[in-house]
Amino acid sequence: MSEYPRGLAAFSLEGRKALITGGNRGLGYAFTQALADAGASVAFIGRGADANQAAVDRLADAGIAAHAISADLTRDDDVQRGVDEAVHALGGLDIVVNNAGACVHNPAWDATDEQWQQVFDLNVRAVWKVSLAAGRHLRATGGGCIVNIGSISGLIVNRPQAQAPYNASKAAVHQLTKSLAAEWAPDNIRVNAVAPGYVKTEMAPVDRPELRRMWIEDAPQQRYAMPEEIAPTVVYLCSPAAAFVTGSVLVIDGGYTVY
Ligand code: NDP
């Protein structure tokens, strides 16, 4: 008999333990739900205790028991506490999805140091700190996988809105992904990223008429995505089906970046 799972079994996350950052809404919520639907036990991190509880309740309605952790990932002590709590609540850890992120629209001339700091503290530094805190656990327990949420903004410059710090931060996420993939492959830790195009969430005002021309009509598929359309790719990257995939940045953008 083959040692490789056949068919959909290759995509199963049965018995895996997953931590998702920014899981109380938007893309992170969809990732939490999809990973659980694929068989994983799930914990997620968000700052807002009320938003976290609301997400736990919504997930419970969908038959999913999720563990919520209130933590601000721009604070180092919260990062360690959050990872420790996830390991404790789940009884281990195999999968980490670094999803929490923030974006500020502002022309570079007007962008403040605080805006730069806010974006980099969460989008880059927190990904680094969570990866290290969780990675130590993965290394000690035989390996696992990390999926970072990058963006097409790490590959192209979005229009018409100006968002230089965000674009730079997502390029950093992609390169951090490749760097950790290279360093941690001997520890059986795979590190990949997804780079979504426009997805309807609180962060992305995809329905604003003044953005339609460049956000929607410029894309080959002429539409935005819903978070549930990005989630299966995260499941794939975390599954045995992606055992030979590491250091990849998987673009999911309806063709936006082909032009
Ligand atoms: P949302 O703004 O809808 O959600 C962000 C999530 O992150 C929330 O759960 C929020 O919860 C959490 N969060 C924010 N700040 C912190 C913090 N300091 N500590 C812990 N958690 C925090 O964003 P999206 O779902 O749209 O984006 C998710 C990821 O996808 C981001 O990395 C984003 O850059 C990326 N992305 C999004 C695209 C889009 O079009 N929407 C396109 C490409 C990439 P709380 O506020 O309670 O802390």
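One-based numbering, in listed order, for ligands and for the atoms of each. What's counted below: heavy atoms across the whole structure, side chains too, no hydrogens, waters or symmetry copies. In this chain, residues are counted from 1 in sequence order.
- Under 4.0 angstrom from ligand 1, the non-hydrogen atoms of L73 come from both its backbone and its side chain.
- Within the 4.5 Å cutoff, no side-chain heavy atoms of R47 are placed close to those of S70.
- Less than 4.0 angstrom separates some heavy atom of V199 from each of these atoms of ligand 1: 39 (C), 40 (O), 41 (N).
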Might you work through the salt bridge (charged side-chain N to carboxylate O under 4.0 Å, His left out) test for R212 and D207, ending with a clear yes or no? CA-CA 7 Å; R212 185 173 170 80; D207 291 319; over 6 Å; no
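- Near E202, the atoms of ligand 1 lying under 4.0 angstrom from a non-hydrogen atom of the residue are 3 (O).
- The distance from ligand 1 to the heavy atoms of Y198 drops below 4.0 Å at these ligand atoms: 40 (O).
- Results of the side-chain contact (heavy atoms from CB on, under 4.5 Å) test with N99 over V147, T32, I45, T21 single out T21 as the only residue that passes.
- Within the structure, side chain to side chain donor-acceptor pair (under 3.5 Å) pairs that include any residue of residues 240-253 comprise D253-T257 (at least two apart or interchain).
- Taking E114 as the reference, nothing meets the side chain to side chain donor-acceptor pair (under 3.5 Å) condition, with sequence neighbours excluded.
- Short contacts between ligand 1 and G101, defined as distances under 4.0 Å to a heavy atom of the residue, involve ligand atoms 31 (C), 32 (O).
- The local environment of CG in D50 is sparse, with at most 12 non-hydrogen atoms from other residues, nucleotides or ligands closer than 6.0 Å.
- In this structure, R81 places its CZ atom where more than 12 heavy-atom neighbours from other residues, nucleotides or ligands lie under 6.0 Å away.
- A heavy-atom separation below 4.0 Å is found between K170 and ligand 1.
- The number of heavy atoms from other shown groups lying within 6.0 Å of NE2 (H105) is above 12.
- Scanning the protein heavy atoms around atom 8 (C) of ligand 1, the nearest turns out to be N24 OD1, 3.5 Å.
- When hydrophobic clusters are built by joining Ile, Leu, Val, Met, Phe, Trp and Tyr residues whose side-chain heavy atoms come closer than 4.5 Å, directly or via intermediates, L93 is grouped together with I189.
- Residue-to-ligand polar distances keep N123 apart from ligand 1: every N/O pair is separated by 3.5 Å or more.
- At least one N or O atom of Y166, backbone or side chain, sits closer than 3.5 Å to an N or O atom of ligand 1.
- Remark: ligand 1 and G48 share an N or O pair separated by less than 3.5 Å (distance only, no angle test).
- Interface atoms of ligand 1 facing G26, defined by a heavy-atom separation under 4.0 Å, are 25 (O).
- With F120 as the aromatic partner, R125 does not meet the cation-pi criteria of under 6.0 angstrom to the ring centre and within 45 degrees of the ring axis.
- The shortest N or O to N or O distance between L27 and ligand 1 is below 3.5 Å.
- Ligand 1 is approached by G150 to a heavy-atom distance shorter than 4.0 Å.
- Which parts of ligand 1 touch G197 is read off a 4.0 Å heavy-atom cut-off, strictly below it: atoms 40 (O), 42 (C), 43 (C).
- Ring pair Y256/Y198 is perpendicular by interplanar angle, where above 60° counts as perpendicular and below 30° as parallel.
- Of the N or O atoms in I152, none lie within a sub-3.5 Å distance of an N or O in ligand 1.
- Distances between N or O atoms of A204 and those of ligand 1 include no value under 3.5 Å.
- Residue-to-ligand polar distances place N99 within reach of ligand 1: an N/O pair is separated by less than 3.5 Å.
- Contacts with ligand 1 closer than 4.0 Å are made by backbone heavy atoms (N, CA, C, O) of A71 only, the side chain lying farther away.
- Counting atoms of ligand 1 from 1 in the listed order, those under 4.0 Å from a heavy atom of L122 are 14 (C), 15 (N), 16 (C), 17 (C), 18 (N).
- E183 has no carboxylate O lying under 4.0 Å from a charged side-chain N of K178, or vice versa, which leaves the two without a salt bridge.
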For the pair N24 and F44, evaluate side-chain contact (heavy atoms from CB on, under 4.5 Å) and give the outcome as yes or no after the intermediate values. CA-CA 7 Å; N24 64 26; F44 68 82; 3.8 Å; yes
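- With a 4.0 Å cut-off on non-hydrogen atoms, Y29 does not touch ligand 1 at all.
- Between N52 and ligand 1, no pair of N/O atoms sits closer than 3.5 Å.
- Interface of G22 with ligand 1, defined as ligand atoms under 4.0 Å from a residue heavy atom, comprises 6 (C), 7 (O), 9 (O), 12 (C).
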